[in-house]
**Student:** 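Let me give you the structure first, and then I'll get to my questions.
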Amino acid sequence: MTNEQIANRFDTLADLLEFDGANSFRVRAYRNAARTIRDMGDPLATMVDQNEDLTKLDGIGDDLAKKIVAMVNTGKLQQLDDMLEKIPASVLAILRVPGLGPKKAAVLYKELKVTSLDQLERACVAHRVKELKGFGAKTEETILKGIKIAAAADDRTYWAKADLVVQDLLKHLKGCKSIERLEPAGSYRRGKETIGDIDLLSVSTDAQEVMDRFAEFPLVEETIARGDTKMSVRLDTGLQVDLRVVPAESFGAAMQYFTGSKEHNVRVRSIAKQKGLKVNEWGVFRVADNGEETYVVGQEEAEVYAALDLPWFPPELREDREEFRWAESGKLPDLIVESDLQGDLHMHTHASDGSNSLEEMVAAARERGLKYIAITDHSQRVSMANGLDGDRLLEQWKMIDEFRKTIDDDFQVLKGIECDILEQGGMDLPDEVLAQADWVIGSVHYGQNQSKRQITDRIVGALENPHVCMIAHPTGRLINVRPPYEVDLEEVFQAAIANKKFLELNAASKRLDLNDVYCAAAKQRGIPIVINTDAHRTEGLLQVRYGILQARRGGLTKSDVANTRSWADMQKMLGR
DNA sequence: GCCGTTTTCGGCCCGACTGTTTTCAGTCG
């Protein structure tokens, strides 16, 4: 059983317990445990096999440790099965309706026997919901609207897509004269690969003017809420945007609060409490014995952290994973930035499925300030993408040799190939061809539904091939499209170490694997990461920023990423 | 259900907004 599966069961159990009216802190304990497990680099199953003490993990006590051991050994979580006897799992869909929490959902279930979104819709249409105690006509209407949102809300928004909306929103709001400061916050600012909603924060002396302007944003479909300082809207895409207007002396505190994550903030506030301070979105306050509160700081985010003896945390690290431990030991990593990258070692041309020529890709890379690139078209197995056979590839490399003669500075164009790792194992091109390359990428494109053993053996086999330098997109997942293939990443990590090979962080906005957690795990094991764009056209090189965000979320520094070095130094790392 | 350099019991972050209510519970982030 994988960490993801164990975490999912705890989360489901938490949802059911909440629905059932359980103590909210108990519910939170299950959710905290699920998060810890999801964030771990090491498989729990291995820890159980080796009889390791699970209670040393954050948020795992005796009880949950026993439950994990039982799950690993039997595949069952008895308590979850018991709850599912009592409450059908379909009621959990009801909890996804905006405005419906566990209390109201429980009333609907108990009073009207509602167990699915369909039944809920029928109950609303028949006006049976507004008759319930604590419900009214407005609530019924909200639920009816919310059902459609819940049904459509399976996909989260790609960061790249949210970025376009954010930029438009900022431009639109800047038309409002009273705005002194305006910044995006939330998961967008933390650079998460997908975001749930957009959070904006502004300083203004006239909140109502800002909100009026906000309401005029052309994509606004409806206003969900509007008060003195806070307004929420839903765009026509279904995406929710929250806007908060605060006074200047609270901007830093509000940024801190609004950026989250929730878990990071819980930790911050509990640290404040131990120091006799209180942190909210309005500032840091000293709490006297008589309960009286005095404002300490709040204008700048760094001041808020400093008041708690904490360093300013880059937003990408604010997940309550390692950041507080790093801060305590003074080892907060100096995260990589885009300008640290010297090369891009994964891109396509019109020789296979790219849209631009070699010359155009080189020109674009130069414009991006890169020092070297590798041309890595697909190999023959990827026939759909017009993949290259040995002859065509050698032809292309001859062309690159010719092109190199025209370069009058130290820019380097490497002869590369994205070579498929075949379904039955082995590489898609003969060794004598690969041996002539500067840079060979091993990729899985076919047979993604194979067993864990098969997939893992294929990738490990590729890492053992002396010509292969790196494995591209090692988990194959496409965000919102398909899950990662079954691969034992720990084995892949060990093979990468043993063979001195690199693993890719593919910057394409729908890939971004390795993800943040796996980046951190690779770093911990000393495996160099290569951040590549996998560009299929010149504009594709711009995607590098998404990869940088993911790398930063994984805590990677300049030295953790191989292509921040010169090509000569990278070759040394490969033992050449 | 977790956790402990005050604690093995009694805490567990904090505030805005809405709707249905007459003073607040529920939801959300």
Side-chain angles (χ1 to χ4, degrees), chain A residues 10 13-14 17-19 21-36 54-68 79 94-108 129-143 146 149 185-188 190 195-201 207 211 223-234 240-246 250 253-254 256-285 287 293 308 320:
Chain A
F10 279 155
L13 181 53
L17 284 168
E18 189 170 41
F19 183 82
N23 175 299
S24 60
F25 296 108
R26 188 167 156 232
V27 172
R28 198 160 89 186
Y30 279 101
R31 297 222 167 100
N32 283 341
R35 198 170 56 89
T36 296
L54 301 179
T55 63
K56 71 185 181 194
L57 299 167
D58 288 338
I60 311 278
D62 290 337
D63 182 82
L64 290 183
K66 279 197 199 107
K67 289 189 165 105
I68 291 168
Q79 200 185 359
I94 298 171
L95 290 172
R96 289 205 297 272
V97 175
L100 272 190
K103 295 275 167 43
K104 282 204 162 80
V107 172
L108 290 166
V129 170
K130 68 175 181 185
E131 305 301 331
L132 296 169
K133 187 173 159 53
F135 291 73
K138 273 276 176 93
T139 308
E140 193 173 80
E141 230 173 88
T142 310
I143 291 173
I149 295 164
S187 51
Y188 171 81
R190 299 202 310 281
I195 62 143
D197 57 20
I198 293 173
D199 301 290
L200 298 176
L201 186 62
M211 290 184 193
T223 298
I224 300 164
R226 177 169 173 165
D228 293 337
T229 64
K230 185 182 166 186
M231 178 166 166
S232 298
V233 302
R234 196 173 307 284
Q240 184 174 329
V241 186
D242 298 332
L243 170 74
R244 196 82 172 243
V245 189
V246 298
S250 297
Q256 197 287 319
Y257 157 77
F258 234 178
T259 296
S261 67
K262 190 176 170 187
E263 290 78 12
H264 176 89
N265 286 354
V266 167
R267 182 68 74 98
V268 164
R269 291 173 188 201
S270 114
I271 289 171
K273 210 167 179 178
Q274 288 163 18
K275 295 179 186 296
L277 298 167
K278 189 169 90 173
V279 178
N280 58 31
E281 58 264 58
W282 302 104
V284 179
F285 299 87
V287 185
E293 297 173 7
L308 309 175
D320 190 22

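What you are looking at is a predicted structure, and each value in this text was computed from that prediction instead of being measured. The sequence lines fix the lettering, A, B, ..., with proteins before strands; numbering per chain opens at 1. Computed over heavy atoms, backbone and side chain alike; hydrogens, waters and symmetry mates excluded.
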**Student:** Taking 4.0 angstrom as the limit, do A:Arg35 and A:Asp320 come out as a salt bridge?
**Tutor:** yes
**Student:** Let's test this: given Watson-Crick or G-U wobble pairing with both distances under 3.5 Å, identify the partner of B:dT8.
**Tutor:** none
**Student:** Do other residues, nucleotides or ligands put more than 12 heavy atoms under 6.0 Å from the CG atom of A:Asp62?
**Tutor:** no
**Student:** Which value, in whole Å, describes the distance between the P atoms of nucleotides B:dT18 and B:dC12?
**Tutor:** 28 Å
**Student:** Could you pull out all residues at least two apart from A:Glu293 that satisfy side chain to side chain donor-acceptor pair (under 3.5 Å)?
**Tutor:** A:Lys278
**Student:** Could you check whether A:Arg244 makes a cation-pi contact with A:Phe258, meaning its NZ or CZ is under 6.0 Å from the centre of the six-membered ring and within 45° of the ring axis?
**Tutor:** yes
**Student:** If the C1' atom of B:dG19 is compared with that of B:dT23, how far apart are they to the nearest Å?
**Tutor:** 14 Å
**Student:** Please name the residue in the list A:Val279, A:Asn280, A:Val284 that meets the side chain to side chain contact (heavy atoms under 4.5 Å, CB included) test with A:Trp282.
**Tutor:** A:Asn280
**Student:** Salt bridge or not for A:Asp63 and A:Lys67, using N-O below 4.0 Å?
**Tutor:** yes
**Student:** What protein N or O atoms touch nucleotides 22-26 of chain B N or O atoms at under 3.5 angstrom, if any, and at what distances?
**Tutor:**
none

**Student:** Are the side chains of A:Phe19 and A:Ile94 in contact, using a 4.5 Å heavy-atom criterion?
**Tutor:** no
**Student:** Rounded to whole Å, please give me the gap between CD1 in A:Ile198 and C1' in B:dC28.
**Tutor:** 18 Å
**Student:** Would you say the side-chain atoms of A:Glu140 pair up with the backbone N or O of A:Lys130, donor to acceptor, closer than 3.5 Å?
**Tutor:** yes
**Student:** Does a salt bridge link A:Lys103 with A:Glu18, judged by any charged N lying under 4.0 Å from a carboxylate O?
**Tutor:** no
**Student:** So what does A:Val97 hit on the nucleic acid, given a heavy-atom distance under 4.0 Å: a base, only sugar-phosphate, or nothing?
**Tutor:** sugar-phosphate
**Student:** Looking at every strand, decide which applies to A:Lys130 at a 4.0 Å heavy-atom threshold: base, sugar-phosphate, or nothing.
**Tutor:** nothing
**Student:** Report which part of the nucleic acid A:Ala106 touches: base, sugar-phosphate, or nothing (heavy-atom distance under 4.0 Å, all strands).
**Tutor:** nothing
**Student:** Report, as a single string ordered 5' to 3', how protein heavy atoms within less than 4.0 Å touch nucleotides 8-17 of chain B: B base, S sugar-phosphate only, - not at all.
**Tutor:** ----BBBSSS
**Student:** Would you kindly give the CZ-to-C1' distance between A:Arg31 and B:dC2, to the nearest whole Å?
**Tutor:** 16 Å
